[in-house]
Amino acid sequence: MSFLLRCPGCGARSVYEFRFGGEVKTRPAAGAPDAEWLRYSYGQKNEAGVQKEWWYHRMGCRQWFFAVRNTVTNEVLKTCFPEDTR
Amino acid sequence: MTDLTLHFNGEPVRVRPDDTVASGLYRSGLRIFSRSFKYHRPRGLFCLEGRCPNCLVNVDGVPNVRACTTPVRQGMQVRHQNAFPSLDHDLLSAAKAFGWLMPVGFYYKTFTHPIVWKRVEPLIRKVAGLGVISESPDGCDSHDGYEHDYLHTDVAVVGAGPAGIAAALEAARTGARTVLIEQSPQPGGHLNYQRRNHPRIGERLGAKGASKGLTSGQVAEHLRAQLAASPKVEVFVHACCLGLYEGNLLGVVQQNRAAGGPESHGPAERLLHIRARRIVVATGAHEAPLVFENNDLPGVMLSSAVQRLLNVHGIKSADAAVIVSPEPDGGPVAEALRASGARIAAIVPPQDVIAALGRKHVTGLRTVDRRIPCDLIAVCGLQVPEAGLIAQAGGRLAWDEQVSAFLPVELPAAIFAAGRVTGTDDLEAALSQGEAAGRTAARSLDLSGASGDGETRAPKPSTTPPSLLRAPSAAAGRSFVCLCEDVTDKDLCEAITEGFDHIETLKRYTTVTMGPCQGKMCHLASIAACARETHRTIAETGRTTSRPPASPVSLGALAGARHHPVKLTPMHSKHQELGCVWMDMGEWKRPLYYTGGRAAASKRELVEAEYKAVRERVGIIDLSTLGKLDVKGKDGGKLLDKVYTNRLSDLRVGRVRYGVICDEAGIILDDGTVSRGSEDRFFITTTTGNIEFVHQWLEWWTVGTGWCVHVTNVTGGLAAVNVAGPKARDLMRKLTDCDLSTKSFPYMGCAEADVAGVPCFLIRIGFVGETGWEIHFPADYGEYVWDRLFEAGREFDVRPFGVEAQRLLRLEKKHVIVGVDTDATSGLLAADMAWLTKADKEDFIGKAALERSRSREIREKLVGFVMQDDLVPDDGAAMVIEGRPVGRVTSSRFSPAKGKAVGMAWVPAGVAADGREIQVHVRGIFGRARIVRDAFYDPEGKRLKS
């Protein structure tokens, strides 16, 4: 694995500068049933294809951002800072 | 040029300064260079370009060095491998008599009985194998280790043969920053060892006065001169490309010619990480051997090897030579041999070959109709494109029947190919291809300053008939396909009969292509054998995958320089002065306990003295390693409420709260203190070593919320100490005007104040259970404040205390250390921290899980225990009920306060009751423990709050 990841703050960098933060998942609302919490905490879609995921630029601007990446080819289609969505 | 001397097996050998180890030894008369892996057959020089295993020797303690690509050095110690007692007389060659016991895949057939295998396997290991690893690092101290280097470039060209040089020059002319990578000592590729005449090349190159044509050598010189004159091309020689990785990353290992020997300097090898926007693969082609009987005898060489010996090293390699070639005139090697004064005994087409004759060296060749005496057999083999990098990059290779080669037919984006790797054998075509590739690569980058359009000519189909891979009339028994692993044609046929008829399984079962050459000599032949025996075409049979490294690489080069970063606190020199035993906490160095001036004392005595100082007087510990976060902004409270299990937004200014962070499953991630310095400012401490995680965690929960909050890691910027003990206040009063009375500065309070004139942040908390303050101050004042504190404390007999004493002090107070007493399965409620969360708190991370666990049974609980006997359990000892382990001790120490060992442990919830007896497994004995609910020392916290 040696692809480049374009940090929205700093530009294209070696993927080893970053920490992978997992698939983007929607946090269940308070009071959601147990099954939903279990799925959120422990379930992954493990998409073999394009997925939206979290990355943290630990050796750079130390910001969390989204990446849209094809998990099969490691082609990164898009990176962006999250808007006020949470 | 004066001659040098190297030593071969202890004997001095005169060599020329421009020799390789192989050419130098060959010139001195050595013919057997090694013994083969399994049968210990004599092996001599074969390919002379680092692609076969025949010349592997031990150089200066380093095993498996390819003699043919290693330049000589004065005083070099070269030793043979894998032969006893000598290369000439190897007793282990008796192994070939037992060949019938060791057919291909024999470890699945013979010796399979466990007892037999246990006896036989060590013997086989001793007898087979190549070099021996030396005990000392590298066996050679005369270099400065290994280095990694990083480059970015527009265009990288791999291979500096004519096509590669043309590509690099053209890319540079088109405006690209270009890197040219070449594994031999100088650019030129096959032009450096061939002696051909190229009639029209002079005009093509624009060389002056060259209407007659140029020789290979002249073309090479011309190209090298152009390279030297091009400022935009950076050339790396002695540099081998290991692999082409994702994202156009090239891994290149460069040998440092200057390393080794008495005047060495610099690293032995350098690993270059080259990130290129475009890559041109011009790695050329190598010659494949012909498979026939005894084709591995010393004296059988590839025609390119013979040319290298003659043209590059000037060594007359034969008196009478036989050339095996599909060309009636024998090709360029015939001229070279004649020029050296050798007699060409015969030129034999490959299909007529049967066997090489001789025992330790070639004495003749048997063909279908005669025996020809000779002392050299030069084999003109098939040209095999070195397309490994293209395959690694995801390009597709397909079998071309006309050229008899796997050629690249689909190239991934940003990868280009030129020269013999594409199947082109014509020099002009190679140059054109190279130029086209270089230009296209550079143009596709949209660089300014692109120069004029040149004409690109399509490659001319080769007129040379391709050679064969195998002599059809040769017996399969002693026809070697894989030189590295001693796999014969017969072995392959047998394996296919046994059912391993797919090229992938055939490879794994016979180990063909799995030796040092990694298939360079044998891949194609093994595919051809598989195709032949299974009645398929080569295209149908396919090839196995190409993986990095494309050439052998030393682990040292991959590892690079050994950097172990170490973090030192601002007071590090103070601890050194005092004398202490150090411990590693992650990357930090912390004093475990102090030893200064008391050499004879035991660890236990020293730690107890520190303990006593804190309990009875005052002690000071360096806490600079704690993670520290500055949380600023009007929404800081919102963030902390979300992330901590307890409420922090209502923390008053000047107050401190202990807090725990959990994940969504209610598992404890970290704990620490939260102090409110002002309305919009919180100061958080975390466990040493967890700061990165907590910082990232806080950032993650902030992002996208729109909250006004900024989290800053101030760990490195602040030094910290804990001054603790009944006399702590008296000590501090001498250095600060801040009112430290309990009335003004109660337990769990905080304030900014000057201490010894230095602006500090004081936090009154009690991890160790005594009156005390955590003092945080700018790191630059570390030593100054430490000195002032110890000065002020002298009258109270102040002592420094280390991590071991701190662990004991806090254990007596039953204070949890996250990561020691808890792990990745420790939930908040199970760890006895229910008081840290209230049912009415709004949503926080882990709330749902905690509510869930409230309604469910908790299986394990964290409790305290006191030993009833005099045993002191180890950390991690098992808690035992009726002889069965049911839990484990997390921390355990002898407690001076109790006079017995105390500790914390995870036990089944059913026995987690105050007063309950339980057993502990202490180094073979079952000790008795009693579960205790409260802290072992000052359970009401009177001393803390006074």
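By convention in this document, chain letters (A, B, ...) are assigned in the order of the sequence lines, proteins followed by strands, and residues within each chain are numbered from 1. Every heavy atom of this structure was used, including side-chain atoms; hydrogens, water molecules and symmetry mates were not. None of the values given here were measured: they were computed from a predicted structure.
Using a 4.5 Å cut-off between heavy atoms, A/F81 does not touch chain B at all. In this structure, chain B has a heavy atom under 4.5 Å from the side chain of A/Y56, while its backbone stays farther away. Looking at B/F844, the atoms closer than 4.5 Å to chain A (heavy atoms on both sides) all sit in the backbone: N, CA, C or O. Residue contact with chain A, scored on non-hydrogen atoms closer than 4.5 Å, is absent for B/I667. For A/F65, no part sits under 4.5 Å from any heavy atom of chain B, backbone or side chain.
Atom CZ of A/R6 is surrounded by 12 or fewer heavy atoms from other residues, nucleotides or ligands within 6.0 Å. Within 6.0 Å of CD on B/E857 lie no more than 12 heavy atoms contributed by other residues, nucleotides or ligands. In the displayed structure, B/R854 atom CZ is contacted under 6.0 Å by more than 12 heavy atoms of other residues, nucleotides or ligands. Within a 6.0 Å sphere centred on CG of B/L555, other residues, nucleotides and ligands contribute 12 heavy atoms or fewer. Counted within 6.0 Å of NZ on A/K78, heavy atoms from surrounding residues, nucleotides or ligands total 12 or fewer; the atom is thus considered open.
Per-residue heavy-atom pair counts under 4.5 Å with chain B were compared for A/R27, A/E75, A/Q63, and the maximum is reached by A/R27.
A donor-acceptor pair under 3.5 Å is formed between the side chain of A/S2 and the backbone N or O of B/E246. Remark: the backbone N or O of A/W54 is not paired with any side-chain donor or acceptor of B/W700 at under 3.5 angstrom.
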Check: Given B/E692 and A/R19, is the salt bridge (charged side-chain N to carboxylate O under 4.0 Å, His left out) satisfied, shown in steps?
Finding: CA-CA 11 Å; B/E692 280 298 325; A/R19 182 193 144 206; over 6 Å; no
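From B/R852, atom CZ reaches atom CH2 of A/W37 across 8.0 Å, with rounding to the nearest 0.5 Å. Distance CG/A/D34 to CZ/B/R856: 5.0 Å, rounded to 0.5 Å. Taking CZ from B/R275 and CG from A/L4, the interatomic distance works out to 4.0 Å, rounded to the nearest 0.5 Å.
A salt bridge is absent between B/E664 and A/K25: the closest approach of a Lys/Arg side-chain nitrogen to an acidic carboxylate oxygen does not fall below 4.0 angstrom.
The closest side-chain heavy-atom distance from A/R62 to B/Q696 is not below 4.5 Å.
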